[in-house]
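Worksheet for the structure shown next.
Because only heavy atoms are used, hydrogens play no part in the values below, and waters and symmetry mates are left out as well, while side chains stay in. Numbers restart at 1 for each chain; the letters A, B, ... are given by sequence-line order, proteins then strands.
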Amino acid sequence: MDYALTRFTDEVRQAIAATGRVPAALIELTTPKANIPADLAFPTFRAAKALGLPPPQLAADLAAAIPRNETTLIGAVEASGPFLNFSMHPQRLASTVVSEIQARGAAYGHHADGQGRRVVVDYSAPNIARRMHVGHIRSTIIGQTLVNIFRALGYQVIGDNHLGDWGTQFGTVIAAIQRYGRPAAEGEAAMAQLEQLYARYNHELQAQTEQKEQAIVTGQPLPVFDPDLEAEARRWSLALEQGDPQARAIWQWCVDLTLAAAQRNYDRLGIVFDHAYGESFYEAMLPEVIAEALHSEAAYRDVDGSVVAELDKLPRFIIQRNDGGTVYMTRDIATVKFRLRAFDPAKIIYVVDGRQELHFRQLFAIVRAMGYARDVELVHIPFGIVTTPDGQPLSTRKGNMVYLESLLDEAVARARAVVEQKNPELAEAEKAAVAEAVGVGAVIYNDLYQDPRRNISLDWERMLATEGNSATYLQYSHARCCSILRRASEDGGVGPEAASLLLLTHPSETRLLKHLARLPEAVREAGDRYAPFVIAEWCYTTAREFGVFFEQCPVLKADPPALRAARLALVAATARALKNGLGLLGIAAPERM
RNA sequence: GGGGCUGUAGCUCAGUGGAUAGAGCAGCCGCCUUCUAAGCGGCCGGUCGUGCGUUCGAUCCGCACCAGCCCCGCCA
């Protein structure tokens with residue numbers, strides 16, 4: 001069954017066609033801007049040109065010729081210069097939209113577009129032996145929202161956390177643990193120690209490298225180190241790749257430690273994966289992948305023994321080092337191969353920062369050249385970096401890095417202070433729950449409210465703004481709806497069931513209803529554009545329209561009782577739809593705050 | 001040198017071929033004896049980076065240029 005807005009659009013198209021004056025192919029409809037008092041418009045320019053008429057005349061002729069039909073959602077039809085404007089009939093809209101929301105409930109806004117098709121979303125991808133920091137939060141949050149959106153579109157979505165659990169840096173981690181000892185602490189503190197060991201090892205290694213370089217410059221014999229840290233790291237890297245039990249045991253310890261720490265963040269953010277195959281998972285497939293790359297002539301063996309590819313005028317890249325080792329690209333090719341075989345997806349979506357754009361163009365080119373990915377759409381969703389409020393990049397080296405767990409803690413602590421000030425009478429447990437929802441919601445919204453390609457800043461003032469376009473405002477609007485509904489049920493009185501929705505004719509009621517009708521369209525657009533901010537904007541506009549309605553239309557004191565009931569039904573529908581929208585973004589909707 | 005992303009109000013952003021380019025924040029002014037003022041209304045604020053082109057019509061499409069950020073084989 002189609003949603004109200006889809007039906008309205010079809011009805012308008014049919015109404016124009018029914019006049020017999022415009023060929024169906026020339027009926028192109030647009031959504032007018034907000035300052036135009038109409039819901040759908042037919043700009044007649046092209047059709048008028050084809051028919052040899054001035055556009056305003058065609059528009060006027062059509063306005064007179066459109067058949068009236070009381071069973072459709074079409075209300076006023078007016079020519080406005082060269083435009084033919086259609087408005088939805090407020091009362092028929094009211095009963096249709098509110099009934100739809102009541103009937104579909106949590107599934108209002110969902111579609112069946114992706115029925116029977118699968119989508120893989122590759123997101124989060126924390127590095128093992130590292131704490132998650134703000135750099136990981138974007139992939140995690142945007143990725144989960146895309147998972148939610150594509151599920152709402154009816155796809156079977158497989159979320160895969162592509163752990164950074166492999167690669168040459170792991171040799172360094174193991175070598176560092178062997179040299180300095182295993183961290184004694186637990187949880188994130190142990191991770192911090194691991195990072196320090198890694199940095200300390202690299203620092204010492206750097207010193208050795210500089211001595212070697214100096215010797216070369218001055219022509220002196222190369223110094224001999226015991227141990228040679230670079231050789232040690234490479235040896236452990238190789239040992240790990242070859243399945244050495246000792247290397248493997250240390251590696252597994254790091255993986256377990258990292259995942260346990262990450263899980264706490266995932267739980268708070270509502271992140272749920274279907275799989276967490278790390279890069280290591282694909283190790284066994286790599287020789288086969290390299291052989292197939294060579295056999296398909298997507299890649300060739302260079303004179304120095306490395307295997308390289310040069311495709312589609314893209315820069316040359318390596319899939320096997322001249323020492324026989326593999327790289328990230330090799331594992332990514334294997335990952336595509338595995339996913340195609342295991343899931344047969346219609347799309348694979350990579351939520352990875354924009355600096356890796358070239359990498360993905362190369363990856364997509366080589367898997368096509370190898371004949372792997374014939375019927376799958378490969379999509380890279382690039383996103384910008386996280387900066388300080390004055391635009392400085394956050395980095396470990398600069399010492400201004402913010403770690404995910406402390407970011408969430410800080411946001412919740414700040415939210416807690418606001419709750420304490422705004423609503424001191426709440427019970428302790430509820431204060432804590434509201435603070436968690438508001439703080440975490442603010443962090444999530446900061447990542448989703450705009451185009452992912454833009455850089456975002458870690459600006460506490462804006463993130464935890466209690467006004468304007470913020471998660472808090474959206475949550476507050478939902479809580480206000482719930483407050484009205486709660487009071488209504490306490491009063492007894494007329495329940496939403498008895499509502500006569502035809503009474504909802506106030507302009508602010510109609511505006512709110514029209515906007516509620518747009519959620520299904522927003523979900524579809526968000527999926528088409530891989531753009532969670534489309535949902536965020538829908539939520540924001542919903543909150544604003546509700547805010548106006550709240551000021552202008554008393555609900556509990558509305559008279560007659562049937563109007564009160566109708567408004568209660570509208571408030572319930574608003575709460576439901578807003579909660580659905582926030583749910584897609586992964587933002588909690590408390591009933592009180 | 002090649003390539004990618006971004007450029008819209010003082011700041012942060014929507015606007016992906018149509019009508020008078022919209023929000024929030026900041027600034028100024030109003031509205032709480034009435035459902036949560038974490039709210040609502042008003043004012044102020046824009047050569048849509050620049051120039052050509054395509055089109056009946058361009059912030060939007062094409063080309064060139066300018067500015068900022070990012071990427072360009074043995075890291076991920």
Side-chain angles (χ1 to χ4, degrees), chain A residues 28 30 32-36 38 41 43-46 48-49 55 80-83 85 125 127 164 166-169 279 302 304-310 313-323 325-329 331-332 352-359 361-362 382 384-385 387 389 391 393 418-419 421-423 438 449-451 453-457 459 461-462 464-470 472-477 479-488 491 529 533-534 536-537 540-541 543-544 546-558 567-568 571 592-593:
Chain A
E28 293 165 4
T30 62
K33 297 191 169 172
N35 56 346
I36 307 296
T44 58
F45 303 97
R46 225 181 303 271
K49 194 176 186 183
S80 171
F83 295 90
N85 289 337
N127 295 317
W166 212 247
T168 48
Q169 86 282 2
E279 291 179 54
D302 206 354
D304 66 357
S306 60
V307 178
V308 299
E310 192 168 1
K313 296 180 185 166
L314 294 170
R316 252 159 68 105
F317 59 96
I318 283 220
I319 65 168
Q320 186 175 36
R321 297 196 308 248
N322 59 14
D323 66 1
T326 59
V327 293
Y328 179 52
M329 180 66 81
R331 294 185 284 277
D332 264 2
V352 181
D353 82 83
R355 289 171 300 192
Q356 296 194 44
E357 221 230 300
L358 176 59
H359 168 79
R361 288 206 295 168
Q362 290 169 326
I385 60 170
T387 69
V418 178
V419 174
Q421 176 207 333
K422 301 277 184 187
N423 219 340
V438 169
Y449 79 101
Q450 63 186 44
D451 191 305
R453 276 184 294 261
R454 288 184 180 277
N455 294 343
I456 59 169
S457 69
D459 183 340
E461 295 300 315
R462 195 169 59 242
L464 288 163
T466 56
E467 48 193 51
N469 188 359
S470 64
T472 311
Y473 174 58
L474 306 183
Q475 292 170 320
Y476 178 68
S477 302
R480 285 172 119 190
C481 292
C482 293
S483 174
I484 294 172
L485 298 170
R486 189 168 50 243
R487 282 173 182 273
D491 291 357
R529 296 173 60 186
F533 75 85
V534 173
E537 287 208 316
Y540 175 57
T541 308
R544 285 188 54 230
F546 174 73
V548 177
F549 163 79
F550 184 89
E551 292 293 322
Q552 299 186 351
C553 300
V555 177
L556 298 175
K557 294 189 172 172
R567 285 185 174 165
L568 280 172
V571 171
R592 271 198 299 208
M593 58 188 283

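- Remark: A:Glu551 pairs with no residue by the salt bridge (charged side-chain N to carboxylate O under 4.0 Å, His left out) rule, at least two apart or across chains.
- Judged as a ring pair (Phe, Tyr, Trp, His ring centres under 6.0 Å), and not counting sequence neighbours, the contacts of A:Phe45 are A:Phe83.
- B:rG73 shows a glycosidic angle within 90° of 0 and is accordingly assigned syn.
- Rounded to whole Å, the distance from CD on A:Glu28 to C1' on B:rG17 is 10 Å.
- Atom C1' of nucleotide B:rC74 and atom CD of A:Gln362 are separated by 13 Å, given to the nearest angstrom.
- Rounded to the nearest 0.5 Å, atoms CG (A:Leu568) and CZ (A:Arg487) are 13.0 Å apart.
- For the atom pair CZ of A:Phe317 and NE2 of A:His359, the computed distance is 9.0 Å after rounding to the nearest 0.5 Å.
- Side-chain proximity of A:Arg321 to the nucleotides B:rA23, B:rC75, B:rA14 is greatest for B:rC75.
- Taking the syn range as angles within 90° of 0, the glycosidic angle of B:rC32 is syn.
- Scored by the side-chain contact (heavy atoms from CB on, under 4.5 Å) test, A:Gln169 finds A:Tyr198 as partners (sequence neighbours excluded).
- Whole-Å rounding puts the A:His359 NE2 to B:rC71 P distance at 15 Å.
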Distances under 3.5 Å only, N/O to N/O: pair up the protein atoms with those of nucleotides 10-13 of chain B.
from	atom 1	to	atom 2	distance (Å)
B:rU12	O2'	A:Tyr449	OH	3.0
B:rC13	OP1	A:Gln450	NE2	3.4
B:rC13	O5'	A:Gln450	OE1	3.2
B:rC13	O3'	A:Arg454	NE	3.3

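- For A:Arg331, the salt bridge (charged side-chain N to carboxylate O under 4.0 Å, His left out) partners at least two apart in sequence or on another chain are A:Glu279.
- Candidate nucleotides B:rA23, B:rC71, B:rG22 were compared by shortest atom distance to the side chain of A:Arg544, and B:rA23 ranks first.
- A:Ile319 has its CD1 atom 15 Å from the P atom of B:rC75, to the nearest Å.
- Looking at A:Glu28, its side chain never comes within 3.5 Å of a backbone N or O of A:Pro43 through a donor-acceptor pair.
- The two atoms that bring A:Met329 and A:Ile318 nearest to each other are CB-O, 4.0 Å, heavy atoms only.
- In this model, the phosphate group of B:rA76 is approached by a side-chain N or O of A:Arg331 to a distance below 4.0 Å at OP1 or OP2.
- Residues A:Gln356 and A:Tyr328 form a side-chain contact, since some pair of their non-hydrogen atoms from C-beta on lies under 4.5 Å apart.
- Residues meeting the side-chain contact (heavy atoms from CB on, under 4.5 Å) test with A:Val307, sequence neighbours left out: A:Ile290, A:Leu294, A:Ala299, A:Arg301, A:Ile319, A:Gln320.
- Dashed line: the shortest gap from a side-chain N or O of A:Tyr473 to OP1 or OP2 of B:rC25 is not under 4.0 Å.
- With rounding to whole Å, A:Asp353 atom CG is found 13 Å from B:rC69 atom C1'.
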Extract from the structure each pairing of a protein N or O with an N or O of nucleotides 27-29 of chain B at less than 3.5 Å, listing the distance.
none

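- Straight-line distance from the CG atom of A:Leu474 to the C1' atom of B:rG24: 12 Å, rounded to whole Å.
- For A:Ser306, the side-chain hydrogen bond (donor to acceptor under 3.5 Å, both in side chains) partners at least two apart in sequence or on another chain are A:Asp304.
- Side-chain proximity of A:Arg361 to B:rG4, B:rC40, B:rG39: nearest is B:rG4.
- A:Tyr540 is linked by a ring pair (Phe, Tyr, Trp, His ring centres under 6.0 Å) to A:Tyr473, counting only residues two or more places apart in sequence or in another chain.
- No hydrogens or angles were tested; on distance alone, a donor-acceptor pair under 3.5 Å links the side chain of A:Asn85 to the base of B:rA19.
- Rounded to whole angstrom, the span from the CD atom of A:Gln356 across to the P atom of B:rC5 amounts to 16 Å.
- The side chain of A:Asn35 has B:rG22 as its nearest neighbour among B:rG22, B:rG24, B:rC74.
- Both geometric conditions, a ring-centre gap below 5.5 Å and a plane tilt below 30°, are not fulfilled together for A:Phe83 over the base of B:rG18.
- Taking 4.5 Å as the limit, some side-chain heavy atom of A:Ser457 sits within range of a side-chain heavy atom of A:Arg462.
- Distance check, rounded to the nearest 0.5 Å: CZ of A:Arg480 to CD of A:Gln475 gives 14.5 Å.
- A:Gly547 comes within 4.0 angstrom of sugar-phosphate atoms only, judged by non-hydrogen atoms across all strands, and of no base.
- In this structure, the separation between CD1 on A:Ile456 and CG on A:Asp451 is 12.0 Å, given to the nearest 0.5 Å.
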Let me check I have this right: for RNA chain B, each base becomes ., (, ), [, ] or |, based on Watson-Crick or G-U pairs with both distances under 3.5 Å. What is the full string? (((((((..((((....[...)))).(((((.......))))).....(((((..]....))))))))))))....
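- Within 4.0 Å (heavy atoms only), A:Pro32 reaches at least one base atom of the nucleic acid.
- Taking the nucleotide of RNA chain B with the nearest heavy atom to each of A:Glu279 and A:Ala41, the more 5' of the two is matched to A:Ala41.
- Taking every side-chain heavy atom of A:Tyr540 into account, B:rG24 is the closest of B:rA19, B:rA76, B:rG24.
- Between A:Leu358 and A:Val327, the residue anchored nearer the 5' end of RNA chain B, judged by the nucleotide with its closest heavy atom, is A:Leu358.
- Pairing each heavy atom of A:Ala543 with each of A:Leu474, the nearest pair is CB-CD2, 3.9 Å.
- Taken to the nearest 0.5 Å, the CG atom of A:Asp332 stands 11.0 Å off from the OG1 atom of A:Thr326.
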Taking only nitrogen or oxygen atoms into account, show me every contact under 3.5 Å that the protein makes with nucleotides 34-37 of chain B, one pair per line with its distance.
from	atom 1	to	atom 2	distance (Å)
B:rU34	O2'	A:Lys557	NZ	2.9
B:rC35	O3'	A:Arg487	NE	3.0
B:rC35	O2	A:Val555	N	3.2
B:rC35	O2	A:Leu556	N	3.0
B:rC35	N3	A:Val555	N	3.0
B:rC35	N4	A:Phe550	O	2.3
B:rC35	N4	A:Cys553	O	3.0
B:rU36	OP1	A:Ser483	OG	2.2
B:rU36	OP2	A:Ser483	OG	3.3
B:rU36	OP2	A:Arg487	NE	3.1
B:rU36	OP2	A:Arg487	NH2	3.1
B:rU36	O2'	A:Tyr476	OH	2.5
B:rU36	O2'	A:Arg480	NE	2.8
B:rU36	N3	A:Met593	O	3.1
B:rU36	O4	A:Met593	N	3.2
B:rA37	OP2	A:Arg480	NH2	2.4

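- Within the model, atoms CD of A:Glu537 and CZ of A:Arg544 stand 11.0 Å from one another, a figure rounded to the nearest 0.5 Å.
- A:Arg355 has its CZ atom 15 Å from the C1' atom of B:rU6, to the nearest Å.
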Each nucleotide N or O in nucleotides 55-61 of chain B that has a protein N or O under 3.5 Å away: list the pair and distance.
from	atom 1	to	atom 2	distance (Å)
B:rC56	OP1	A:Lys49	NZ	2.6

